[in-house]
Amino acid sequence: MQLGVYSFGNQATDPATGGLVSTAQAQRDLLEAIVLADQVGLEFFGIGEHHTEEMPASAASVILGAAASQTKRIRLASAVTVLSTDDPVRIFQQFATLDALSNGRAEITAGRGSSVESYPLFGYRLEDYDRLYAEKLELLLKVNEQATVTWSGSVRAALDEQLVVPRPDRGSLPIWLGTGGSPNSTVRAGQLQLPVSYGIIGGDPVRFKALADLYRRAWAAGPETTRHPLISVGNPGFIGETDREARDTFWPTWYRGMADIGRRRGFAPPIREHFDIEAEGGALFVGEPEQIANRIIRLHHAMGHSRQFLQMDFLGLPQRDLLRSIELLGTKVKPLVDAELGPEPEVVPNPLDGGPAPAQTGAAS
Amino acid sequence: MTRVAVLGVGKVGTAIARAALAAGHEVTVAGSGDPEPVRFITEIMAPGVAVAAAYDAVEGSEIVVLSIPLPKLASLDPEMLAGRVVVDAMNHWEPTDGALPAIFDGHATTSEAVAAHLAGARVVKALNHIGYHEMEADAREFDAADRRGLAAVSDDAAAARVVAEFVSSLGFDTLAAGGLAHSAALEPGSELFAGSFPVADVARLLGDAGAQIHAPAPTATR
């Protein structure tokens with residue numbers, strides 16, 4: 001099981017002033033977190049494109065490029081790239097460059113994104129949501145497949161045998177489809193025989209077993225391939241020395257983060273009682289190392305996912321708390337998960353590798 | 001047993017279809033076009049439900065549940081739903097959907113806009129203010145102490161009662177109330193939308209949402 005972290009960028013609380021750090025400092029904090037994640041043996045770091053002051057990671061490939069030169073093993077990905085409002089050729093070029101600089105560790109997770117700040121920012125219309133996503137995904141996959149591209153559609157200028165460089169050493173990049181759990185997106189990922197990445201933010205993640213089954217079935221209905229269906233799961237989480245400490249540290253930042261999103265989307269702020277229920281058995285993997293290891297293992301037995309990553313830095317989480325949680329994930333949770341599911345190879349497998357089919361483990365406990 | 005048609009096979013539609021089937025109803029699900037891709041999904045996400053084209057699913061149903069994205073409302077044929085009891089389980093997610101001026105056309109609430117488009121349908125706002133993943137997790141036996149309360153709001157008292165009974169059968173104390181114009185009390189941004197409450201609190205939070213139509217229907221199912 002590959003373990004990791006993802007972030008949308010975070011304005012941490014500045015211990016010196018009690019206020020929030022600048023959006024520029026947030027970029028440096030993120031780089032520091034990636035470097036630590038690599039040092040403590042984690043396999044994955046993802047950056048989710050966001051454009052708000054509180055979540056200012058708008059240029060993932062730049063941060064990941066800096067991380068490429070300071071890390072050795074960890075895989076570096078977007079989680080997710082808001083495909084609908086970006087140019088697929090540009091996305092590919094940036095991540096192919098990252099792939100070159102990181103010696104083959106770059107990945108793209110393409111999704112619709114849960115927020116829509118990028119629409120007015122880049123001049124797209126929400127009404128075109130479906131068409132933008134469908135056409136741009138088609139183009140991204142095409143550019144990934146071949147260096148010289150001919151394509152036409154309605155959302156960008158046509159390409160007539162245009163060369164797109166650099167090319168990754170492996171010929172192409174791993175591209176995941178990111179979804180919040182819609183059956184249609186699940187079927188689409190399976191039919192396209194792409195790895196799928198689920199973002200789970202509420203309820204017991206084990207219920208995603210049905211979607212995992214649906215995804216594998218859609219994949220199996222397609223043509224023969226040497227690749228295998230791959231599933232990753234990203235959800236909020238935080239590791240502390242004890243359950244109590246983890247929850248008490250994470251709660252204020254979760255509250256601020258959700259209240260902030262709620263203000264914009266019409267949700268009331270979260271309440272502690274619900275938070276504790278979600279932290280106990282829901283989508284929030286917040287607790288001491290053994291508890292979190294057990295929940296990752298249980299989810300693996302249900303879904304057969306091969307990569308699990310946690311979003312830890314909601315609004316205002318002090319940087320030292322983020323770093324401590326990343327350290328515990330690598331040094332305490334990881335050995336427990338490895339002991340149960342087997343260790344990861346020294347060179348983290350590229351999702352493009354054929355390899356053996358991931359073991360389909362027993363039923364959900 | 002009620003014959004239920006569910007239009008829309010996303011997260012919400014598949015969850016409602018599963019819950020309705022578990023409660024002993026006869027459930028037919030439809031997507032926007034060809035039934036085959038829908039069957040592919042329901043065989044795993046909601047095994048046991050029937051699949052049909054939308055017109056066939058609606059034909060012969062006693063309740064139609066709308067669980068499509070609100071921006072797709074215009075794709076629904078009003079004639080198909082005329083005279084039907086229609087559950088509006090949809091929500092307007094302004095940050096992701098945009099303002100949708102063509103759909104709202106001066107109406108203040110989602111369900112009024114739905115009722116205006118579906119002229120002749122008996123629209124009831126219900127099942128929009130519970131998370132799709134809570135549909136099964138929060139369902140309880142009739143007399144359970146921690147049974148969650150939900151609401152069914154409509155301008156059509158008889159339709160509200162039918163839907164309240166249906167929602168009750170899924171495992172919730174359900175309050176039928178009058179007045180689509182007040183259904184903002186169930187929409188995103190409201191206290192009711194954000195939380196989970198016993199039915200007495202639902203009655204209190206509905207506040208202006210017109211008079212309560214009747215007490216929660218006792219039901220032996222679930």
Side-chain angles (χ1 to χ4, degrees), chain A residues 52 84 112-117 119-120 124-130 179-188 190-191 200-218 220-221 258-259 261-271 273-274 277-278 281-283, chain B residues 8-15 17-18 29 31-32 36-47 67-69 71-72 74-75 91-103 110 129-138 184 186-197 205:
Chain A
T52 67
S84 309
R112 292 165 181 266
S114 62
S115 53
V116 291
E117 286 85 11
Y119 281 79
Y124 292 97
R125 300 184 331 151
L126 266 176
E127 299 90 278
D128 300 330
Y129 189 84
D130 288 328
T179 169
S182 110
N184 276 321
S185 298
T186 295
V187 170
R188 178 170 357 207
Q191 286 173 336
I200 306 180
I201 56 167
D204 186 349
V206 162
R207 75 178 194 282
F208 275 62
K209 178 189 188 314
L211 285 165
D213 292 345
L214 181 63
Y215 166 66
R216 289 199 178 86
R217 190 171 171 220
M258 289 302 107
I261 291 172
R263 259 193 306 281
R264 279 179 270 139
R265 300 195 190 175
F267 293 112
I271 61 172
E273 186 195 348
H274 290 171
I277 292 169
E278 280 286 317
Chain B
V9 276
K11 302 180 213 183
V12 176
T14 50
R18 269 197 309 274
V29 170
S32 52
E36 265 327 296
V38 176
R39 189 167 289 122
F40 192 86
I41 289 173
T42 57
E43 277 176 11
I44 287 183
M45 300 299 294
S67 50
I68 63 173
K72 304 254 162 76
S75 69
N91 285 300
H92 179 210
W93 301 105
E94 187 160 357
T96 51
D97 295 340
L100 302 179
I103 284 177
T110 307
H129 64 111
I130 173 169
Y132 77 97
H133 59 277
E134 299 165 341
M135 214 80 76
E136 291 152 299
D138 288 5
L186 298 187
E187 291 188 340
S190 70
E191 200 177 342
L192 202 48
F193 183 88
S196 166
F197 303 95
L205 291 167

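Numbers restart at 1 for each chain; the letters A, B, ... are given by sequence-line order, proteins then strands.
- The shortest distance between side-chain heavy atoms of B/Glu94 and A/Val116 does not fall below 4.5 Å.
- The contact between A/Arg217 and chain B is made by backbone and side chain atoms together, counting heavy-atom distances below 4.5 Å.
- With rounding to the nearest 0.5 Å, the separation of CG in A/Leu211 from NZ in B/Lys11 is 9.0 Å.
- Heavy atoms closer than 4.5 Å to chain B are found nowhere in A/Asp204, neither backbone nor side chain.
- Rounded to the nearest 0.5 Å, atoms CE (B/Met45) and OG1 (A/Thr186) are 7.0 Å apart.
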Go through the steps for A/Leu214 and B/Phe40 under the test side-chain contact (heavy atoms from CB on, under 4.5 Å), then give the verdict. CA-CA 8 Å; A/Leu214 181 63; B/Phe40 192 86; 3.9 Å; yes
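- Heavy-atom distances place no part of A/Tyr215 under 4.5 Å from chain B, backbone and side chain included.
- With a 4.5 Å cut-off on non-hydrogen atoms, B/Asn91 does not touch chain A at all.
- For B/His133, the side chain to side chain contact (heavy atoms under 4.5 Å, CB included) partners at least two apart in sequence or on another chain are A/Arg207.
- Under the salt bridge (Lys or Arg N to Asp or Glu O under 4.0 Å) criterion, A/Glu117 pairs with A/Arg264, sequence neighbours left out.
- When every heavy atom of A/Pro183 is checked against every heavy atom of B/Gly10, the shortest pair comes out as CD-C, 3.7 Å.
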Residue pair A/Val187, B/Ile41: steps toward the side-chain contact (heavy atoms from CB on, under 4.5 Å) verdict: CA-CA 8 Å; A/Val187 170; B/Ile41 289 173; 3.7 Å; yes
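- How far OG of B/Ser196 is from CD1 of A/Ile277: 8.5 Å, rounded to the nearest 0.5 Å.
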